[in-house]
Amino acid sequence: MNALVLHAIGDARYEAIPLPEPNAGQVRVRVGFCGICNSDIPRMFGKGPYSLPLVCGHEFAGVVDRVGAGVTKFAPGDRVAVFPLLWCGNCDSCQRGHYAQCLAYDYLGSRSDGAFAEYVVAPARNLLPVSDCLSLEEAAMIEPAAVALHALRRAGGCSVGESVVVFGAGPIGLMVAQWARAMGAARVILLDLVREKLALARKLGFQHVIDQRDVDAVAVIEQVTGGIGADICVDAAGVSQATVQAMRAARHGGRIVLLGNPSGDVNIPAELISRMMRREVQIVGTWNSDYGVFGEQDDWHCSLAGMASGAIDVKPLVSHCVPLESAWGALNMIKNRTEVYCKVLIQPESGASRKI
Ligand SMILES: [Zn+2]
Ligand SMILES: [Zn+2]
């Protein structure tokens, strides 16, 4: 099969590698679409992955191609999304069902071979069936949708009538905003510095879309919230200015979610710490998303349901779709920021690039 193989940091090659065979309990999936995640950029160009060579790519959906011994729940032809974290099943976290917090995990696309390839092998327990009303393109975006849902759930969820501010209108920020709206937020405020991202936020129907270059963001948030500040501030940008503004914009009893990976140190003035103490603001971190083998309430099953119901519309977030042989070019485009992009998908079966 063809794959984009990372041989060294900054050196990936589109080449033929052996087709992987599913062992007992495993399934081979023909990749329909695989999204490029921001985390793939440092993995492929920066500090590098866990081990080399490696096929990256962890946001994917596809069609079951072959099943290993003992797999009864899936058959060739089934459309599936894949939870990329391979949990050990034995550690303290796994025993409590918190697979995403596994202390000895493996991961498709960062520690084991992932989906910048025509085929991937995964345990059957990591597969979710995709209903007919969803395209594989949409299903490939379940991972960022689940990450966005998890971020709001870490803040206790959004209650009807609350105000939610999202710093950073990238794919995950836009999904956080959509989840907040679906949960009944009275006001959703989105901030970014990139005009095209703000335009997309408006296209998705958001009214309070703010260009941070033009205004004092905290003053605008106070104005929109009637002078009291926001119930939930999500830092989906990870830049220090946004982190500090999120802390300043939270109302009494408000919640702050740290979602974007930090791009540098954050300097928090003593006066701001004191303000958050007096306001009894909560700061929570969020990491990854929850996946459950039983039940339907985990972030992944809820994300599929949210996309199927139309509450979460991920299609407008796709800015580029490229074939596998062009994936390295697309990764370089993202690294060098030579084009404005939102979600970039790789479609192994396609022969042509699409810019949307
Ligand atoms: Zn990701
Ligand atoms: Zn474990």
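Residue numbers count from 1 along this sequence. When a ligand or atom number is given, it counts from 1 through the structure's own listing order.
In the model, T286 has no side-chain atom that pairs as donor or acceptor with a side-chain atom of R154 under 3.5 Å.
Within the 4.5 Å cutoff, side-chain heavy atoms of V344 are placed close to those of I334.
Ring geometry for W300 versus Y291: interplanar angle over 60°, hence perpendicular rather than tilted (30 to 60°).
Around the Zn ion (ligand 2), the angle linking C88 (SG) with C94 (SG) is 120°, rounded to 10 degrees. Rounding to 10 degrees, one finds that the Zn ion (ligand 2) sits at the corner of an angle of 110° between C91 SG and C102 SG.
Figure legend: R111 and Y50 shown as a cation-pi pair, the cationic atom lying under 6.0 angstrom from the six-membered ring centre and within 45 degrees of its axis.
For the Zn ion (ligand 1), the N/O/S atoms of D40 include none lying under 2.8 Å.
Within E59, the N, O or S atom at minimum distance from the Zn ion (ligand 1) carries the name OE2.
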